[in-house]
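Note that the numbering runs from 1 along the sequence shown for the chain. Computed from heavy atoms alone, side chains included, the values below leave out hydrogens, waters and symmetry copies.
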Amino acid sequence: MGQSESTMSKGAQTLNLWHKITLKSPPKNMFSLPFKLLSEIFFTFHYQLFPADKCKSKRGRGLKKQVFEPYMTVEDVSHGLKRGELIQGQLRINPKKYHEAFIPSPYDKWDIFLEGVEARNRALNGDIVVVELLPQEQWKVITYDHLSQNSKSLKYERQWSEGSSTPQTNEKTLQKTAKVVYIVEKKHSRAVTGSLKFFPDKPFALFSPVDHRVPRINVPLSDCPEDFNIRPEVYANTLFICRITDWTADNAFAQGRLAKTLGQAGEIEPETEGILTEHSVDFSDFTPEVLECLPQPRPWCIPPEELEKRKDLRRDCIFTIDPATARDLDDALSCKLLPDGNFEVGVHIADVSYFVKENTALDEAASQRATSVYLVQQVVPMLPRLLCEELCSLNPDFDRLTFSVIWKLTPEGKILSEWFGRSVIRSCAKLSYDHAQSMIEAPEKLFSPNELQLDNPEHPIDEIHEAVLRLHSIAQNLRRQRISTGTLKLDQVKLSFNINKESMMPNSCSVYEYKDSNRLVEEFMLLANIATAHHIHRKFPDLALLRRHPPPKTKMMEELKEMCSQLGIDIDLSSPGALQESLNNLTGKDEYSAARKAVLTHLCSRPMQMALYFCSGVLKNEQLFKHYALNIPLYTHFTSPIRRYADIIVHRLLASSLKCGPHLQLSAQEVEKQALHCNNKKMLAKRVWELSSELFFGLLVRESGPLDSAAMVMRVLDQSFDVLVIKYGVQKRVYCKATKSLQSFRYHQVGKKSELTLVWLPENQDVPVLLQIPQTNGA
């Protein structure tokens with residue numbers, strides 16, 4: 001039995017959302033489809049198997065068949081890469097179709113396709129691999145069933161014609177195919193969660209990972225619980241962590257060892273620990289060697305000689321604006337009206353590099369973790385809590401060491417002068433975003449200290465209120481200037497959960513609302529990051545740690561453009577600003593306009609690439625330094641050193657440039673290596689947050705019962721369709737065969753558009769309800 005998302009088989013128990021879709025009302029517009037979405041949680045068992053023909057272990061009698069080809073030697077790989085015969089890249093395995101994998105192509109806009117487990121040759125998702133192209137007669141003919149579908153849903157055909165050397169036209173093109181010949185770096189942790197299956201008379205148990213992209217693993221019975229071979233059914237719903245130790249070329253299954261028993265599937269703590277382990281998140285306690293690097297004695301005070309070296313801003317009205325629950329306060333703001341009518345605006349960032357010295361155990365631990373990892377119910381910090389929640393956190397009424405950027409700005413936001421330097425501040429208030437928003441929305445109101453829980457004798461609440469209003473006004477002007485230069489921001493829905501403090505179960509969830517107070521902070525953090533990027537690149541053109549955002553994938557943008565054109569949607573993808581303006585203009589007057597914009601925003605995010613850290617001395621082409629979304633030539637991260645190691649390196653570069661810190665003890669190649677590590681850790685942290693959010697949303701639905709919510713169709717496939725549940729920003733695939741209230745369905749094409757005809761079973765009628773879903777791929 002082969003793996004597939006739609007085939008539910010026995011094995012590891014995982015938490016899933018399944019959807020029954022029933023017609024809410026006849027659609028007025030086939031572009032938008034309202035649904036009554038009844039979401040039910042149930043447990044389903046996945047037993048991961050490879051296709052039968054790929055799992056045969058014998059060729060003839062007593063001979064083991066080689067399932068995989070042996071790897072090339074290092075010498076052959078090196079020569080092949082130099083001659084251009086081999087290609088290196090990061091492997092991406094389709095999570096919904098485990099037999100499909102890709103690496104970026106250096107030749108054209110189509111990724112290189114790897115079909116089947118054998119072609120991956122024991123490489124796992126995220127690994128850096130070297131591939132060899134297959135002969136052209138084995139390349140894939142990509143047939144456009146409809147141009148509006150993306151590459152994942154294109155129809156693949158094998159090109160058998162001998163000697164065919166040119167790509168076919170008229171809606172067909174060739175895609176290069178390849179096979180893995182060497183694994184350069186095993187980026188995947190090789191640790192997975194899953195369940196065990198017992199086989200009588202076998203010296204091993206079979207471990208079935210929850211992630212279908214990972215092979216099944218043979219585990220020694222000695223690793224299993226003592227009574228596993230006697231009562232295996234007791235452990236049917238138990239999650240374990242297994243680490244792959246080997247995967248030989250003559251076995252479709254890997255070999256591994258059980259690392260830990262997590263607990264029951266579907267429970268928060270076991271599931272969370274599994275998520276963290278699979279994504280290589282170090283959530284262990286900091287070692288004694290690391291803790292010895294922390295300041296002594298305690299309580300710690302800033303040494304007088306350090307105060308003398310810094311700009312003293314402790315009497316200034318400086319405050320933080322953060323989420324109400326935040327503990328790691330690493331940025332603060334100030335704004336003073338000058339006699340000439342201009343403003344002195346300051347961004348003050350925790351001086352983490354003062355405490356985290358280069359080449360110490362603390363520095364090594366921080367560099368390896370690279371980022372704090374956020375889950376719904378907890379944070380795995382990059383630094384020990386003494387630093388991230390106390391000594392570095394800009395808590396009110398405490399002297400704190402900072403790095404400051406101070407500008408003289410006109411009311412319109414024009415920069416007249418700029419100053420960088422080390423400073424010391426004493427925050428007068430910890431404002432939440434809601435506090436600041438209240439001040440913005442009520443500019444004339446006289447707030448009482450109790451109302452906002454503020455009480456500072458040196459800086460009364462009216463002074464803080466006035467500073468917030470001035471910052472808001474300047475931020476609005478800065479934002480208008482940025483937008484006028486052509487920036488792009490694709491706002492994705494983010495769920496916020498209300499957690500029961502005793503049970504840690506979700507009570508409710510809502511969409512996080514991004515307000516003017518959030519935009520205020522965002523504008524000044526952007527301004528500080530941009531200013532710092534230009535400064536360190538000017539001072540260290542071959543050593544600066546910067547952040548670039550590559551333009552979106554051309555192929556996917558062309559498909560998006562074609563899809564929108566077929567649906568009569570005018571969207572300009574020529575630049576980030578043009579795309580933003582197109583989305584802003586998609587307001588409409590019908591009841592589905594907001595949902596349509598949300599779906600299109602979601603679809604526009606698919607072709608976008610991730611922003612990346614890099615060293616300016618390694619990436620020589622300055623055209624590649626650009627940040628696509630911000631539409632600027634240089635950018636970096638300076639404003640969050642408590643939770644991002646990249647910012648600590650930037651702080652060290654800044655201190656060195658100002659001659660208030662030692663020269664960075666890293667070469668350009670070492671900075672680049674750390675940048676790549678930060679990129680990888682940031683990507684993993686993002687995925688951890690997504691999985692944590694999915695876990696809690698699933699638990700909420702399970703505990704609360706079915707949720708009734710409108711959804712909009714995003715894409716139509718031959719036996720399923722994707723929907724976006726607007727209220728929660730959740731994307732789900734609805735399988736027709738698994739929808740109980742569906743009597744029948746039929747997939748067909750009308751020109752270049754695909755349609756799925758659904759025949760629903762009515763509750764109290766003899767006549768079925770017929771509904772056609774046109775191919776929208778996002779509408």
Side-chain angles (χ1 to χ4, degrees), residues 3 5 8-18 39-48 189 191-199 204-214 216-217 219-244 256-281 283-284 373 375-378 380 497-509 687-707:
Q3 292 177 347
E5 194 178 86
M8 298 302 157
S9 49
K10 298 178 181 178
Q13 193 179 57
T14 55
L15 196 61
N16 284 270
L17 282 175
W18 203 259
S39 304
E40 297 178 9
I41 287 293
F42 71 99
F43 292 107
T44 185
F45 296 89
H46 292 271
Y47 186 46
Q48 184 173 11
S189 66
V192 288
T193 59
S195 65
L196 289 172
K197 183 171 182 178
F198 176 69
F199 287 98
F204 57 83
L206 188 66
F207 182 88
S208 297
V210 173
D211 186 348
H212 287 193
R213 296 172 294 181
V214 181
R216 289 176 295 164
I217 306 166
V219 174
L221 279 177
S222 57
D223 282 6
C224 302
E226 289 184 7
D227 59 344
F228 176 70
N229 59 339
I230 302 171
R231 300 188 302 159
E233 70 280 358
V234 173
Y235 299 95
N237 299 335
T238 303
L239 281 178
F240 298 88
I241 292 178
C242 180
R243 293 188 182 276
I244 294 176
R257 303 296 300 268
L258 281 190
K260 190 172 184 179
T261 303
L262 292 176
Q264 292 298 298
E267 294 183 359
I268 291 175
E269 290 308 313
E271 294 278 2
T272 297
E273 187 170 343
I275 290 169
L276 292 172
T277 303
E278 281 196 33
H279 293 82
S280 305
V281 176
F283 55 97
S284 63
V373 180
L375 299 100
V376 170
Q377 81 283 25
Q378 68 184 83
V380 180
F497 293 88
N498 178 270
I499 305 295
N500 184 306
K501 292 183 179 180
E502 294 182 1
S503 67
M504 297 306 292
M505 290 290 287
N507 292 325
S508 62
C509 75
R687 185 59 184 149
V688 166
W689 165 256
E690 292 168 350
L691 291 172
S692 179
S693 185
E694 288 175 14
L695 171 65
F696 273 77
F697 185 70
L699 290 169
L700 178 65
V701 177
R702 187 185 72 180
E703 297 299 317
S704 304
L707 297 179

Whether D223 side chain and R257 backbone form a donor-acceptor pair below 3.5 Å: no
Closest non-hydrogen atom pair between I217 and P209, with its separation: CD1-CG, 4.5 Å
E226 CD: over 12 foreign heavy atoms closer than 6.0 Å: no
Minimal non-hydrogen separation, E271 against G266, with atom names: OE2-N, 2.7 Å
Donor-acceptor contact below 3.5 Å, side chain S189 vs main chain E278: yes
Nearest heavy atoms of C224 and A205, plus distance in Å: SG-CB, 3.8 Å
From E694 atom CD to R687 atom CZ, the distance as rounded to the nearest 0.5 Å: 5.5 Å
Residue pair I499 / N507: nearest heavy atoms and the distance that separates them: C-ND2, 3.8 Å
Side-chain donor/acceptor of S195 to backbone N/O of A236, under 3.5 Å: no
Flag side-chain contact, heavy atom, 4.5 Å: L695 against L375: no
F207 side, atom CZ; T193 side, atom OG1 - distance, nearest 0.5 Å: 6.5 Å
Nearest heavy atoms of V376 and S692, plus distance in Å: N-OG, 3.0 Å
Minimum side-chain heavy-atom gap R702-M505 below 4.5 Å: yes
Between CZ on residue F228 and CD on residue E233, distance to nearest 0.5 Å: 10.0 Å
Nearest-0.5 Å distance, OG1 of residue T277 to CG of residue L262: 6.5 Å
Worked verdict on K197 versus R216 for side chain to side chain contact (heavy atoms under 4.5 Å, CB included): CA-CA 11 Å; K197 183 171 182 178; R216 289 176 295 164; over 6 Å; no
Atom of L239, atom of V210 and distance for their closest heavy-atom approach: CD2-CG2, 4.3 Å
Whether Y235 and F240 hold their rings parallel, tilted or perpendicular, with breakpoints at 30° and 60°: tilted
Evaluation steps, side chain to side chain contact (heavy atoms under 4.5 Å, CB included), between F697 and L707: CA-CA 11 Å; F697 185 70; L707 297 179; 4.2 Å; yes
Side-chain H-bond candidate by donor/acceptor type, Q377 with T272, under 3.5 Å: yes
Steps toward side chain to side chain contact (heavy atoms under 4.5 Å, CB included) verdict (V380, V688): CA-CA 11 Å; V380 180; V688 166; over 6 Å; no
Reported CG-to-CD1 distance for the pair L276 and I241, which is rounded to 0.5 angstrom: 9.0 Å
Atom pair CD1/CD of I275 and E690 - distance to nearest 0.5 Å: 11.0 Å
